[in-house]
**Q** 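First the structure, then my questions, so here it is.
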Amino acid sequence: MRATLEMFSEDINVSYSQVRTARQTASKWPPEHRAEGVSFEIHRILEKLEDRFERIVTPPKHPRTWKRQWTGDAAKRQVGWQVDTPQFVQEKVEAIHDPAVDEQVPARVAADFLRRPAVAFRAAGDDTVRHLFNKAQNDRWRQLEEAAEGPVPGPGRESGGSGGAGD
């Protein structure tokens, strides 16, 4: 079957993976259950839902127009995927978290946001945030104090440099 799909994909100048995905989606949506006027992409997103045949005929209301219609983001919300254009607070939070996988990015973003007085005020209202910030502040002060004290000289070594090996 793969060879046939590969030949077909070459004939129509579409990648094999696109043909395979379209075939899979078509198999999940028999023609009598496909919604007229709803894109194949929406059908693809909803294909894993058990109740997809019922859901496809009752699209959700659009957050701005309140008109019932399918959009890519509306379908993604139905299946719990991250949306392309966040509308709601939690979606916006998830969109910020996604690229912040290392510690440098979130630290910079947090510092930038905390420079806004209203943001700092709201963050200070969260007991956990306040506790963790105070703990981090104390840990940082402790590290700075330890670094300022410098290394403790070992036996037989002078702290001022004695002209020994390596000097």
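For reference, positions follow the sequence shown, starting with 1.
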**Q** Assess whether atom CZ of Arg108 is packed by more than 12 heavy atoms of other residues, nucleotides or ligands within 6.0 Å.
**A** no

**Q** Determine, using the 4.5 Å side-chain heavy-atom cutoff (strictly less than), whether Val79 and Trp29 are members of one ILVMFWY cluster.
**A** yes

**Q** So do Gln78 and Pro60 actually touch side chain to side chain, heavy atoms under 4.5 Å?
**A** yes

**Q** Quick one: CE on Met7 to CD1 on Ile12, what's the gap to the nearest 0.5 Å?
**A** 12.5 Å

**Q** I need the minimum non-hydrogen distance between Arg55 and Leu49, along with the two atoms involved.
**A** NH1-CD1, 3.7 Å

**Q** Looking only at heavy atoms, which two atoms of Ser39 and His43 are closest? And how far apart?
**A** O-ND1, 2.9 Å

**Q** Would you mind reporting whether Leu5 and Arg23 have side-chain heavy atoms less than 4.5 Å apart?
**A** yes

**Q** Decide yes or no for Phe8 and Tyr16: does some side-chain heavy atom of the first lie under 4.5 Å from some side-chain heavy atom of the second?
**A** no

**Q** Check the surroundings of atom CZ in Arg122: do more than 12 heavy atoms from other residues, nucleotides or ligands lie under 6.0 Å from it?
**A** no

**Q** Would a 4.5 Å heavy-atom cut-off, applied to side chains only, mark Arg64 and Gln87 as touching?
**A** yes

**Q** Heavy-atom count check: over 12 atoms from other residues, nucleotides or ligands less than 6.0 Å from Glu50 CD?
**A** no

**Q** So how far is it from Ile45 CD1 to Trp81 CH2, rounded to the nearest 0.5 Å?
**A** 5.5 Å

**Q** To the nearest 0.5 angstrom, please state how far the CD atom of Gln143 sits from the CD atom of Glu146.
**A** 7.0 Å

**Q** About how many Å separate CG of Asp11 and CD of Glu6, when rounded to the nearest 0.5 Å?
**A** 12.0 Å

**Q** Establish whether Phe113 and Val89 are linked, either directly or via other cluster members, by ILVMFWY side-chain heavy-atom contacts under 4.5 Å.
**A** no

**Q** Taking the side chain as everything from C-beta on, heavy atoms only, tell me whether Asp73 gets closer than 4.5 Å to Arg77.
**A** yes

**Q** Using 0.5 Å steps for rounding, measure from the NZ atom of Lys28 to the CZ atom of Arg34.
**A** 13.5 Å

**Q** Do the side chains of Phe40 and Leu46 join up, straight or via other hydrophobic residues, at under 4.5 Å, putting them in one cluster?
**A** no

**Q** Surrounding CD of Gln104 (heavy atoms of other residues, nucleotides or ligands, distance under 6.0 Å), is the total greater than 12?
**A** no

**Q** Heavy-atom count check: over 12 atoms from other residues, nucleotides or ligands less than 6.0 Å from Phe53 CZ?
**A** yes

**Q** For Glu47, is there an ion pair with Arg44 - N to carboxylate O distance below 4.0 angstrom?
**A** no

**Q** For a 4.5 angstrom cut-off between non-hydrogen side-chain atoms, does Val83 reach Phe88?
**A** no

**Q** CD of Gln18 to OG1 of Thr21: how many Å apart, nearest 0.5 Å?
**A** 8.0 Å

**Q** Is any side-chain heavy atom of Thr71 less than 4.5 Å from a side-chain heavy atom of Thr85?
**A** no

**Q** Has the side chain of Asp51 got a donor or acceptor atom that lies under 3.5 Å from a matching backbone atom of Glu54?
**A** no

**Q** Tell me if a side-chain donor or acceptor on Ser27 pairs with a main-chain N or O of Gln24 at a distance below 3.5 Å.
**A** yes

**Q** Does atom CD (Glu36) have a neighbourhood of more than 12 heavy atoms from anything else shown, all under 6.0 Å?
**A** no

**Q** Where is the tightest heavy-atom contact between Leu114 and Ala120, given as atom of each residue plus distance?
**A** O-CB, 3.5 Å

**Q** Looking at side-chain heavy atoms only, is the closest gap between Trp70 and Ile56 below 4.5 Å?
**A** yes

